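All remarks here apply to the structure that follows.
Residue numbers run from 1 in the order of the sequence given. These figures come from a predicted structure and were not determined experimentally.
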Amino acid sequence: MSQPMIEASGVRKSFGALEVLRGVDLVVNRGDVACLIGPSGSGKSTFLRCINHLEQHDAGRLTVDGQLVGYEQRGTALYELNDRQICAERSQIGMVFQRFNLFAHLTALENVTLGPINVRGETPTSARERAMELLRSVGLADKAQNYPSQLSGGQQQRVAIARALAMEPKLMLFDEPTSALDPELVGEVLDAMKQLALNGMTMVVVTHEMGFAREVANQLFFLDEGVVQESGHPRDVLVNPKTDRLSNFLSKVL
């Protein structure tokens with residue numbers, strides 16, 4: 001049986017006196033597309049950020065591809081990795097944020113090549129060739145020399161996806177990737193994500209796009225008050241919720 005890509009057991013995270021994650025348990029297997037849904041403040045984005053150690057979880061066990069996230073175990077104790085080790089771990093996990101986070105002074109092509117050249121040590125020629133392939137795959141080869149200010153929100157988000165893929169990650173994380181977009185631009189980003197899923201990329205997506213979850217995902221986790229309240233195949237969970245809390249949530253978003 002293959003090693004799960006993500007395994008969380010009792011993951012907790014607090015910000016001061018506020019406990020945001022209260023014991024998250026879930027497993028995401030290789031090739032899965034898992035969607036995290038739930039109300040604002042339920043811990044979805046915080047958990048996503050814990051997966052690549054952008055947030056340091058306080059308790060529990062969290063692994064990616066069988067390796068502890070952000071820590072190493074010596075005997076019975078856990079020790080946080082140093083910055084270089086954490087960056088090496090993080091380079092294998094692509095993340096796409098709500099707000100694109102492109103470098104405004106760089107073209108689309110330069111945004112995509114920056115990581116491979118500076119982190120992976122690729123030659124500029126090799127990095128540019130790969131970047132053009134990725135921009136072509138998200139329908140933006142003709143925008144390679146455009147700056148972010150010359151692109152629509154949907155185009156910027158697709159550049160952000162290409163930039164994450166340029167690092168050849170084994171896992172992609174999406175934190176509400178369409179929430180900052182005008183409604184007419186949402187479809188082009190979701191189409192790019194659907195193609196990633198068809199290509200077998202393991203993905204975890206925080207989203208309110210229930211149509212995407214139903215059509216593309218094969219796992220759905222409903223988070224509320226810092227724990228997974230329900231999980232299963234999206235078509236089962238969305239059609240036959242087991243709890244009143246999920247029924248109430250779905251009545252407001254479907």
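- Note: the hydrophobic cluster containing L36 does not contain F212 (ILVMFWY, side chain heavy atoms under 4.5 Å, direct or indirect links).
- The structure places CZ of F221 at 4.5 Å from CG of L26, a figure rounded to the nearest 0.5 Å.
- Side-chain atoms of R158 come within 3.5 Å of backbone N or O of V138 as a donor-acceptor pair.
- Each of V20, L21, V204 was checked for a side chain to side chain contact (heavy atoms under 4.5 Å, CB included) with F47, and the lone residue meeting it is L21.
- The number of heavy-atom neighbours closer than 6.0 Å to CG of D244, taken from other residues, nucleotides and ligands shown, is 12 or below.
- Two residues are said to be in side-chain contact when any heavy atoms from C-beta on lie closer than 4.5 Å; V237 and S231 fail this criterion.
- For F249 and F222, the ring centers sit closer than 6.0 Å to each other.
- We find the CG-CG distance between L48 and L173 to be 4.5 Å, quoted to the nearest 0.5 Å.
- Between the Q195 side chain and the L190 main chain, no donor and acceptor come within less than 3.5 Å of each other.
- Placement of V206 and V69 within a single hydrophobic cluster is found when ILVMFWY residues are connected by side-chain heavy-atom separations under 4.5 Å, directly or transitively.
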Validation: residues 91-111 side-chain donor-acceptor distances under 3.5 Å, sequence neighbours left out:
| unit_1 | atom_1 | unit_2 | atom_2 | d |
| --- | --- | --- | --- | --- |
| S91 | OG | A88 | O | 2.7 |
| Q92 | OE1 | K170 | NZ | 3.1 |
| Q98 | OE1 | S179 | OG | 3.3 |
| T107 | OG1 | E110 | N | 3.1 |
| T107 | OG1 | E110 | OE1 | 3.4 |
| E110 | OE1 | T107 | N | 2.9 |
| N111 | OD1 | F103 | N | 2.8 |
| N111 | ND2 | F103 | O | 3.2 |
| N111 | ND2 | L106 | O | 3.2 |
| N111 | ND2 | T107 | O | 3.1 |

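- Atom CZ of R245 has more than 12 neighbouring heavy atoms from other residues, nucleotides or ligands inside a 6.0 Å radius.
- Minimum interatomic distance between A144 and M132 (heavy atoms only, all atoms of both residues): CB-SD, 3.7 Å.
- Here the side chain of R136 pairs no donor or acceptor atom with the backbone of A141 at under 3.5 angstrom.
- Remark: D83 CG is loosely packed, at most 12 non-hydrogen atoms of other residues, nucleotides or ligands lying under 6.0 Å away.
- For the pair E7 (side chain) and P4 (backbone), a donor-acceptor distance under 3.5 Å is absent.
- Proximity of V33 to Q219: side-chain heavy atoms (C-beta onward) are nowhere separated by under 4.5 Å.
- Around CD of Q67, the count of heavy atoms belonging to other residues, nucleotides or ligands within 6.0 Å does not exceed 12.
- Once rounded to the nearest 0.5 Å, the distance linking NZ of K242 with CD of E230 reads 6.0 Å.
- Side-chain atoms of R214 and L254, non-hydrogen and from C-beta on, do get closer than 4.5 Å to each other.
- At least one side-chain heavy atom of N29 sits under 4.5 Å from a side-chain heavy atom of V27.
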Would T243 and Q229 count as a side chain to side chain donor-acceptor pair (under 3.5 Å) here? Give the steps. CA-CA 8 Å; T243 63; Q229 301 279 2; over 6 Å; no
Evaluation steps, side-chain contact (heavy atoms from CB on, under 4.5 Å), between E72 and L68: CA-CA 6 Å; E72 62 179 345; L68 287 170; 5.9 Å; no
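- Judged by distance alone, the side chain of Q157 and the main-chain N or O of T178 form no donor-acceptor pair under 3.5 Å.
- Taking the charged nitrogens against the carboxylate oxygens, D175 and R49 have no contact shorter than 4.0 Å, which rules out a salt bridge.
- Between the side chain of Q73 and the main chain of G75, a donor-acceptor pair closer than 3.5 Å is present.
- Contact annotation: the side chain of L151 approaches that of V159 to within less than 4.5 Å [non-hydrogen atoms, C-beta and beyond].
- Distance alone, capped at 3.5 Å, is enough to place a donor-acceptor pair between the S42 side chain and the P39 backbone.
- For V216 against A197, the heavy-atom pair with the smallest separation is CG1-CB, 3.6 Å.
- No donor-acceptor pair under 3.5 Å is formed between the side chain of K13 and the backbone N or O of C50.
- No donor-acceptor pair closer than 3.5 Å links the side chain of D236 to the backbone N or O of G232.
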When you look at T207 and E176, which way does the side-chain contact (heavy atoms from CB on, under 4.5 Å) test go after all the steps? CA-CA 5 Å; T207 186; E176 298 192 40; 5.9 Å; no
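- With rounding to the nearest 0.5 Å, the separation of CG in L114 from CE in M167 is 9.5 Å.
- The NE2 atom of H208 sits 7.0 Å away from atom CE of M210, with the distance rounded to the nearest 0.5 Å.
- The minimum heavy-atom distance linking L185 with G154 is given by the pair CD1-N, 3.7 Å.
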side-chain contact (heavy atoms from CB on, under 4.5 Å) between I6 and L62, intermediate numbers included: CA-CA 7 Å; I6 300 171; L62 179 59; 4.2 Å; yes
For Y71 and Q85: C-alpha separation, side-chain torsions, deciding distance, then whether side chain to side chain donor-acceptor pair (under 3.5 Å) applies. CA-CA 9 Å; Y71 297 90; Q85 292 169 312; over 6 Å; no
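- Looking at every heavy atom in both residues, N146 comes nearest to Q150 through CA-OE1, 3.3 Å.
- No side-chain donor-acceptor contact under 3.5 Å links N218 to the backbone of D32.
- Between A131 and V112, the shortest heavy-atom distance links the atoms CB-CG1, 3.5 Å.
- Looking at heavy atoms from C-beta onward, R128 lies in side-chain contact with P124 at the 4.5 angstrom threshold.
- Taken to the nearest 0.5 Å, the CG atom of L220 stands 10.0 Å off from the NE2 atom of H233.
- Under the 4.5 Å side-chain heavy-atom criterion for ILVMFWY residues, no single connected hydrophobic cluster contains both F174 and V24.
- Using a 4.5 Å heavy-atom cutoff, the side chains of L171 and I51 are in contact.
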Between R90 and L54, does a side-chain contact (heavy atoms from CB on, under 4.5 Å) hold up when you go through it step by step? CA-CA 9 Å; R90 199 175 285 152; L54 287 175; 3.9 Å; yes
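- Considering all non-hydrogen atoms of both residues, E215 and R235 come closest at O-NH2, 4.3 Å.
- Checking each of T202, L165, V205 against M172 for a side chain to side chain contact (heavy atoms under 4.5 Å, CB included) leaves exactly one that passes, namely L165.
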